[in-house]
Amino acid sequence: MIDAKLEMTDKIGYLLLKKGIIDSEILEKALQVKQNDRNKLKRNLAQILVQDFNFDHDTIFREVAVLYAFKELHIDFDSLDDKRIEELRQMLDSQGDEVKKMLLDHRVIPFKYDEKVKDKLILAAVDPTDRALTKIAYALNAKKYELNYIKKKNYDKLINILVPPENEFLQMIEDTDEFLEVDTEEDLNEEQLESEINKSALVNLVEAALVEGVRRGVSDIHIVPKSGNKTEIHFRQDGKLSLWYTQENTLPEAVMAVVKDRSKGLDRFEREAAQDGFIQREIDNHIIRFRVSVLPMVGTELRNKFESIVIRILDDRKVIKDLDKLGLVGYAKDAFVKAISQPQGMVILTGPTGSGKSTTLIAALYQVIDPTKNVLTVEDPVEYVIEGARQLKIGHKMNFEQAIRAILRHDPDIVLVGEMRDKETAETAIKLANTGHLTFSTLHTNDAPSAVARLYKMGIEPFLIAYAINIIVAQRLIRRLCNDCKRKVDNLDPKLMASLGLDIEEWKQYEIYEPVGCEQCHNTGYKGRLAIHEALYFTKEIRQIIVQSGSDVDEESIRIQAKKDGSQSLRESGLEKVKLGLTSLEEVLSATTDD
């Protein structure tokens with residue numbers, strides 16, 4: 001029975017015990033701590049449980065907020081636009097360094113002014129029972145204020161947007177001039193290389209690139225050696241490469257050696273063979289994996305052994321689990337949902353490298369995974385860990401082809417085959433789809449109808465193609481216009497419109513925007529990317545066309561029938577995004593081909 005005396009002396013302890021969040025033993029220990037530091041820290045029981053007993057902050061303080069009638073502030077990060085972020089940042093930055101430090105130290109944000117009560121400031125606090133909040137409200141010159149509770153995870157996410165952490169490695173590079181001047185007349189030797197690595201700030205440079213790449217949302221980091229003892233570091237952001245940093249007066253081999261030393265699975269002294277390795281780092285309290293590819297390349301100076309390095313950033317926070325966030329709309333979305341809802345058959349994503357095929361497939365998998373199904377994936381390499389799936393490990397003892405064959409004997413319900421590279425892989429995937437399994441895979445073709453022709457040319461029988469496949473979706477990623485600087489187009493370019501096959505008079509009714517460039521988008525005019533799709537759902541008519549194929553698949557007949565069924569081409573899908581003001585006509589022209 002819960003002690004009534006406890007309810008009177010410590011309401012927080014009574015509530016948490018009653019709800020089963022803590023037990024009587026923990027409560028007794030926490031109350032003893034509270035008694036001991038009564039005259040010093042004056043902490044309440046909730047603070048003690050989080051700080052001394054490692055209880056989850058949000059679990060404890062959600063109950064405290066309810067107990068003391070603090071409203072909980074909910075933040076919808078998807079609808080938090082750049083304008084609102086700038087307003088919040090301004091509210092923080094306008095306070096002066098001392099007050100701003102107090103706000104950050106006590107994890108409280110001046111969030112907004114009350115719409116109903118004049119001059120009433122809403123303060124969002126991770127711990128609304130913090131005694132310092134009264135002093136902070138006074139420092140903010142708040143005539144009236146109201147404390148709201150905000151979950152710690154939401155506060156951390158918001159503060160990382162408003163006050164991005166400084167890249168300490170970049171700061172170290174700026175603070176040092178230890179890069180070694182090299183003697184270009186001498187032949188390269190390992191002692192000189194070791195000396196340069198030890199005496200330079202190259203480690204900081206490499207770590208700075210990893211941190212900066214993650215924070216900017218970069219997909220790949222390219223490290224490129226140049227003649228004259230220069231090394232360039234490029235970032236691929238929103239699909240485009242741009243120079244981030246140039247390292248002067250340093251042997252490119254030294255930069256490459258540092259990258260190899262910081263990676264697992266790479267031999268620093270091997271400079272004439274392709275190598276693959278990986279790096280893992282905790283950046284901003286999140287584990288990030290990096291896949292490292294090293295290729296030997298020809299240099300203009302015989303004494304140099306140049307290598308190119310590309311580092312792919314694998315940030316699982318970018319994994320999309322919600323189908324609605326993929327950009328699928330209209331017929332394409334309806335057809336895709338219908339296809340993945342079938343108990344068997346094949347779902348194929350097609351498009352060039354870097355078109356987001358894997359992202360779409362993983363999102364689709366998350367719609368169909370449940371504990372009653374055995375989900376197996378064969379990918380080389382595995383990029384993201386998929387919860388609820390068994391992902392086969394490819395290595396020298398089991399290659400991709402062997403894994404595909406082994407899957408048939410492993411009682412699968414749903415299978416993801418990373419890529420149909422050859423006839424054997426395609427045949428096995430088709431066999432899985434034909435024997436009661438829902439099968440996902442990818443192909444490299446320009447559009448959906450040409451994927452049918454590709455499979456046919458691989459040697460797959462037309463009737464197998466026709467009846468094994470549920471849908472083929474072609475996908476591209478196009479750049480999204482920056483909301484901060486995009487500008488309305490007043491006069492449409494006749495040449496551009498002609499190249500897109502569009503009627504200027506018809507398009508004058510739409511609000512069309514073009515890129516400008518500002519600090520927010522690094523002067524590119526674009527920020528982020530969105531997907532466009534062409535969906536070829538296998539209706540009876542489409543299957544009939546394929547089955548009747550002679551020596552060649554009639555791609556044009558498939559396109560005509562797909563259009564009758566409601567499918568849009570990639571270009572048409574892109575133009576719909578232009579009408580919505582999301583991208584530009586130029587971007588759609590560069591990313592798609594004329595039908």
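These figures come from a predicted structure and were not determined experimentally.
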Nearest 0.5 Å, please: how far is [atom2] in [Y] from [atom1] in [X]?
X: Leu500; Y: Leu589; atom1: CG; atom2: CG; result: 4.5 Å
X: Ile150; Y: Ile75; atom1: CD1; atom2: CD1; result: 3.5 Å
X: Gln280; Y: Leu314; atom1: CD; atom2: CG; result: 10.5 Å
X: Arg216; Y: Asp238; atom1: CZ; atom2: CG; result: 11.5 Å
X: Ser441; Y: Leu416; atom1: OG; atom2: CG; result: 7.0 Å
X: Tyr456; Y: Leu464; atom1: OH; atom2: CG; result: 12.5 Å

Do you know which of Asn470, Ile472, Ile471 makes side chain to side chain contact (heavy atoms under 4.5 Å, CB included) with Phe538?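 Single pass found, and it is Ile472.
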
Any idea which heavy atoms bring [X] and [Y] closest together, and the distance?
X: Thr439; Y: Ala433; result: OG1-N, 3.5 Å
X: Leu73; Y: Ala124; result: CD2-CB, 3.5 Å
X: Ala426; Y: Met420; result: CA-SD, 3.8 Å
X: Leu536; Y: Ala448; result: CB-CB, 3.6 Å
X: Ser263; Y: Leu266; result: CB-CD1, 3.6 Å
X: Ile386; Y: Thr377; result: CD1-CG2, 4.4 Å

Taking the side chain as every heavy atom from C-beta outward, state whether [X] and [Y] have any atom pair closer than 4.5 Å.
X: Leu349; Y: Phe440; result: no
X: Val214; Y: Asp284; result: no
X: Leu575; Y: Tyr510; result: no
X: Glu534; Y: Ser573; result: no
X: Gln237; Y: Ser242; result: no
X: Pro494; Y: Ile504; result: yes
X: Val578; Y: Glu586; result: no
X: Leu585; Y: Asp493; result: no

Residue pair Val347, Phe336: steps toward the side-chain contact (heavy atoms from CB on, under 4.5 Å) verdict: CA-CA 8 Å; Val347 175; Phe336 192 69; 3.8 Å; yes

Using a 3.5 Å distance criterion without hydrogens, assess whether the side chain of [X] forms a donor-acceptor pair with backbone atoms of [Y].
X: Gln561; Y: Ile542; answer: no
X: Arg571; Y: Thr592; answer: yes
X: Glu587; Y: Arg479; answer: yes
X: Glu72; Y: Lys151; answer: no
X: Tyr467; Y: Asn434; answer: no
X: Asp503; Y: Glu505; answer: yes
X: His437; Y: Pro412; answer: yes
X: Ser567; Y: Ala535; answer: yes
X: Asp413; Y: Asn374; answer: yes
X: Gln367; Y: Lys321; answer: yes

Start with the C-alpha distance between Leu443 and Leu455, add both sets of side-chain angles, then the distance that settles side-chain contact (heavy atoms from CB on, under 4.5 Å), and finish with yes or no. CA-CA 9 Å; Leu443 265 177; Leu455 288 168; 3.9 Å; yes

Answer yes when [X] and [Y] have at least one side-chain N-carboxylate O distance shorter than 4.0 Å, and no when they do not.
X: Glu541; Y: Lys564; value: no
X: Asp315; Y: Arg317; value: yes
X: Asp370; Y: Lys373; value: yes
X: Lys112; Y: Glu87; value: no
X: Arg215; Y: Glu212; value: no
X: Glu419; Y: Lys357; value: no
X: Arg559; Y: Glu555; value: yes

Please determine whether side-chain contact (heavy atoms from CB on, under 4.5 Å) holds for the pair His234 and Leu243, giving the CA-CA distance in whole Å, both sets of side-chain angles, and the decisive distance to 0.1 Å. CA-CA 4 Å; His234 297 255; Leu243 180 65; 3.7 Å; yes

Any luck finding a side-chain donor-acceptor pair between Tyr526 and Ser584 under 3.5 Å?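 Result is yes, a qualifying pair exists.
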
Under a 3.5 Å cutoff, is there a donor and acceptor pairing between the side chains of Asp316 and His286?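 Yes, because at least one side-chain N or O of Asp316 sits under 3.5 Å from a partner of the opposite role on His286.
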
Other residues, nucleotides and ligands only: do more than 12 of their heavy atoms fall within 6.0 Å of NZ on Lys457?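 Incorrect, the count does not exceed 12.
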
Take atom NZ of Lys579 as the centre, draw a 6.0 Å sphere, and report whether it contains more than 12 heavy atoms from other residues, nucleotides or ligands.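 Atom NZ in Lys579 is crowded, with more than 12 foreign heavy atoms closer than 6.0 Å.
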
List in chain and number order the residues that pass side-chain hydrogen bond (donor to acceptor under 3.5 Å, both in side chains) with Thr445, two or more places apart in sequence or in another chain; answer none if no residue qualifies.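 Thr350.
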
With side-chain contact (heavy atoms from CB on, under 4.5 Å) as the criterion, how do Val473 and Thr360 come out once you've worked through the C-alpha distance, each side chain's angles and the decisive distance to 0.1 Å? CA-CA 10 Å; Val473 178; Thr360 301; 5.9 Å; no

